[in-house]
Amino acid sequence: MFRALWIAQLVSNVGSWMQMVGAQWLLIGHDPALVTLVQTASSLPVVLLALPSGVVADRYDRRMVLLATQVVLFSVSAVLTALAFADVLTPALLLVLTFALGCGTALMGPAWQAVQPELVERRQLGQAAALGGVNMNLARAVGPAVGGLVVAATDAAWVFAFNAASFLGIAVVLLFWRRPTTQSPVPRGEKLLTTLDAGRRYVWHAPGIRRVLLRTLLFIPGGTALWALLPLVASRSLGLGSGGYGLLLGAVGVGAVTGAFVLPRANRKLGANRTLGYGALLFAGALLVLATLNNPWLVTVALLFAGVAWIAVLSTLNTAMQTRLPGWVRARGLAVYLLAFQGGQALAAPLWGTLAARMGLAAPLLAGAASLAVCALTLRRWPLHDGPEVDSSPSVHWPAPPLMFEPGPTQGPVLVTVSYRVAPKDGAAFTERMAQVARSRRRTGALTWALYQDGQDPGHFIESYVVASWAVHLAQHRVRLTLTDRHHEDRARRLLVPGTRAEVTHAFDASGGPVVPEDAEALPSHLRRRDREDHD
């Protein structure tokens, strides 16, 4: 299934790059800022829709989400094709429809990324991410070149038609995919904004995820200078037509495909951080060549190296996100990553276009190269970390809560307290290790968290945290905890006084009256029996 979807996606990506070349070339001759708006129109929808799309992909069946987006993308592409054939496609209509295609891509992105771990084993996620980069860049090698030749020989309408047909291939493969039925990781009855906030909370309290996002935000704006300004470099600096522009983009794609084959060895030898640093510097060098040289052959060689750098950086970042995110929040976490990636492109592209209109092409290309150099130099200060320590596999190690009544899923808030007995000499080490436990609690649903030390008994520590509802706490028990969370808990509990164990209580908001049934007969039968045994 991975292979079938990969092939279908390759065809679709070729169509998307052909469509991009056709759209940008139709705007050549207009203001440079208008040309770069094609990039913005494609990327801006992710800024607006990435987070809601992540919620949708985590709440509903991801296969059906992907099928629905293919229908949307086909419909918009069909309209674009019809207008182009009718010769009534104005720049404004072109940008509006490109934006609509971007909306469909934004809805599809988190679900597409999130199904990859369902198609390959965890140990193969790195290779799968690299193959995803090969897919995009092989399409970049073929699509622009073919698109440029088609536009030169016929008309842009034909590349739009191919793009529309390409979405049907993915839809057919998805129809044949018998995805196993899985329980939704979203608690029953949870509202949309609550689900969205759960994803935000996870990302905020996961330092490793935040560091990946920081590296993305430092790399993407500078890298966007190449994609936004390359059509202007081709036409103005190098004097090339649409076919030549397509071949330049193809050179980037060939470099990226080549880079994908050497990337596993480079990662083993260099590690993730040095791969990111060298990749940023190599891409900066390519921008310097574009800014200072007007020789098409030298520019083509520089673009080959830019492709190698692009795949090295993006595959490393994508793999880091995939391996650090647990399944219950994967789509929402990847949505934040796509927001940083595409948002950086959407905001940077018009900036580079405006600078090109006012100062010429060299200034924005040199500025992009400088920003990439800054990205590389800051790796020593803000590197990726915690990769080998993270195991996002689920861990159901909490026992079922022994309550005397059965609360409803929306019952809440719920106060959870955990009492620990720690030898006074281990108190400092215990509180230090509990800092990691605090992040775990907050990632998985805690709205507040605190650790207290008994004033009368210094060896008695009390952890307390509040979750919004009983359903959220059950989700912590059943789907949200990972082996990494368990590791942090075990490290802290190794310091407990021998022979003691953590004691957990669950308390419910009683400000509006007691929540325990007053009539013992209202208790479930197994709890009534236990109540009689305790009384006896």
Side-chain angles (χ1 to χ4, degrees), residues 54 58 110 113-130 132 185 198-218 263-264 267-268 270-276 312-341 379 381-398 432-446 449 475-494:
D58 275 337
Q113 294 277 351
V115 299
Q116 300 306 307
E118 300 180 29
L119 303 174
V120 300
E121 298 178 9
R122 175 182 169 83
R123 62 183 176 82
Q124 296 175 316
L125 281 176
Q127 294 95 317
R200 177 204 62 80
R201 189 164 50 247
Y202 185 93
V203 169
W204 182 254
H205 294 289
I209 296 292
R210 294 206 311 269
R211 193 57 60 84
V212 175
L213 296 175
L214 174 63
R215 301 314 319 171
T216 303
L217 289 171
L218 288 172
L263 181 60
N267 271 333
R268 286 193 299 269
L270 301 175
N273 286 300
R274 283 197 288 175
T275 298
L276 292 175
V313 172
L314 294 194
S315 292
T316 301
L317 294 173
N318 188 277
T319 301
M321 286 295 293
Q322 291 276 11
T323 54
R324 286 165 170 79
L325 285 167
W328 70 271
V329 75
R330 181 173 290 121
R332 280 166 283 179
L334 289 167
V336 177
Y337 169 71
L338 292 173
L339 176 62
F341 180 84
L379 266 165
R381 177 70 177 83
W382 299 307
L384 295 184
H385 58 77
D386 85 2
E389 303 171 7
V390 172
D391 189 340
S392 58
S393 304
S395 176
V396 186
H397 60 275
W398 285 3
E432 181 182 350
R433 295 182 183 185
M434 286 298 290
Q436 293 286 356
V437 176
R439 290 196 184 101
S440 169
R441 306 288 195 241
R442 294 180 184 276
R443 281 196 299 268
T444 56
W449 183 91
Q476 288 180 307
H477 277 263
R478 296 170 180 171
V479 296
R480 292 190 177 182
L481 293 177
T482 67
L483 290 176
T484 297
D485 297 319
R486 182 171 188 170
H487 168 71
H488 293 317
E489 290 180 15
D490 289 344
R491 284 188 71 243
R493 296 189 183 197
R494 287 192 198 108

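All heavy atoms count here, side chains included; hydrogens, waters and symmetry mates do not.
Here the side chains of W398 and Q476 are in contact, with some heavy-atom distance below 4.5 Å. Side-chain contact between V329 and T444: absent, with no pair of heavy atoms (C-beta onward) separated by less than 4.5 Å. Contact check for H385 versus N273: no side-chain heavy atoms found under the 4.5 Å cut-off. Between D391 and T482 the shortest side-chain heavy-atom distance does not fall below 4.5 Å. Within the 4.5 Å cutoff, the side chain of P383 has heavy atoms near those of the R211 side chain. By the 4.5 Å heavy-atom criterion applied to side chains, Q322 and L334 are counted as neighbours. Proximity of V390 to T323: side-chain heavy atoms (C-beta onward) are nowhere separated by under 4.5 Å.
The structure places CZ of R433 at 11.0 Å from CG of D490, a figure rounded to the nearest 0.5 Å. Within the model, atoms OG1 of T484 and CZ of R324 stand 10.5 Å from one another, a figure rounded to the nearest 0.5 Å. Interatomic distance, R330 CZ to M321 CE, rounded to the nearest 0.5 Å: 10.5 Å. In this structure, the separation between OH on Y337 and CG on L317 is 5.0 Å, given to the nearest 0.5 Å. Separation of atoms CZ (R443) and CG (D485) is listed at 5.0 Å; rounding is to 0.5 Å. Atoms CZ and CE, on R493 and M434 in that order, are 8.0 Å from each other to the nearest 0.5 Å.
Across P110 and L338, no two heavy atoms sit closer than the pair N-CD1, 3.7 Å. Of all the heavy atoms in R210 and V203, the pair that sits closest is CG-O, 3.3 Å. Considering all non-hydrogen atoms of both residues, A340 and L213 come closest at CB-CD2, 4.3 Å. Minimum heavy-atom separation, P207 to H205: CD-O, 3.5 Å. The shortest heavy-atom contact between R486 and S395 is CD-OG, 3.5 Å. Of all heavy-atom pairs spanning A446 and R201, the tightest one is O-CD, 3.5 Å.
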Tell me, with the steps shown, if L384 and V212 meet side chain to side chain contact (heavy atoms under 4.5 Å, CB included).
CA-CA 6 Å; L384 295 184; V212 175; 3.8 Å; yes
Applying side chain to side chain contact (heavy atoms under 4.5 Å, CB included), run through L379 and R215 and close with a yes or a no.
CA-CA 8 Å; L379 266 165; R215 301 314 319 171; 3.6 Å; yes
List the steps, then state whether salt bridge (Lys or Arg N to Asp or Glu O under 4.0 Å) holds for E489 with R441.
CA-CA 10 Å; E489 290 180 15; R441 306 288 195 241; 2.9 Å; yes
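Between the side chains of N318 and S315, no donor-acceptor pair of N or O atoms lies under 3.5 Å.
Distance alone, capped at 3.5 Å, places no donor-acceptor pair between the W449 side chain and the A438 backbone.
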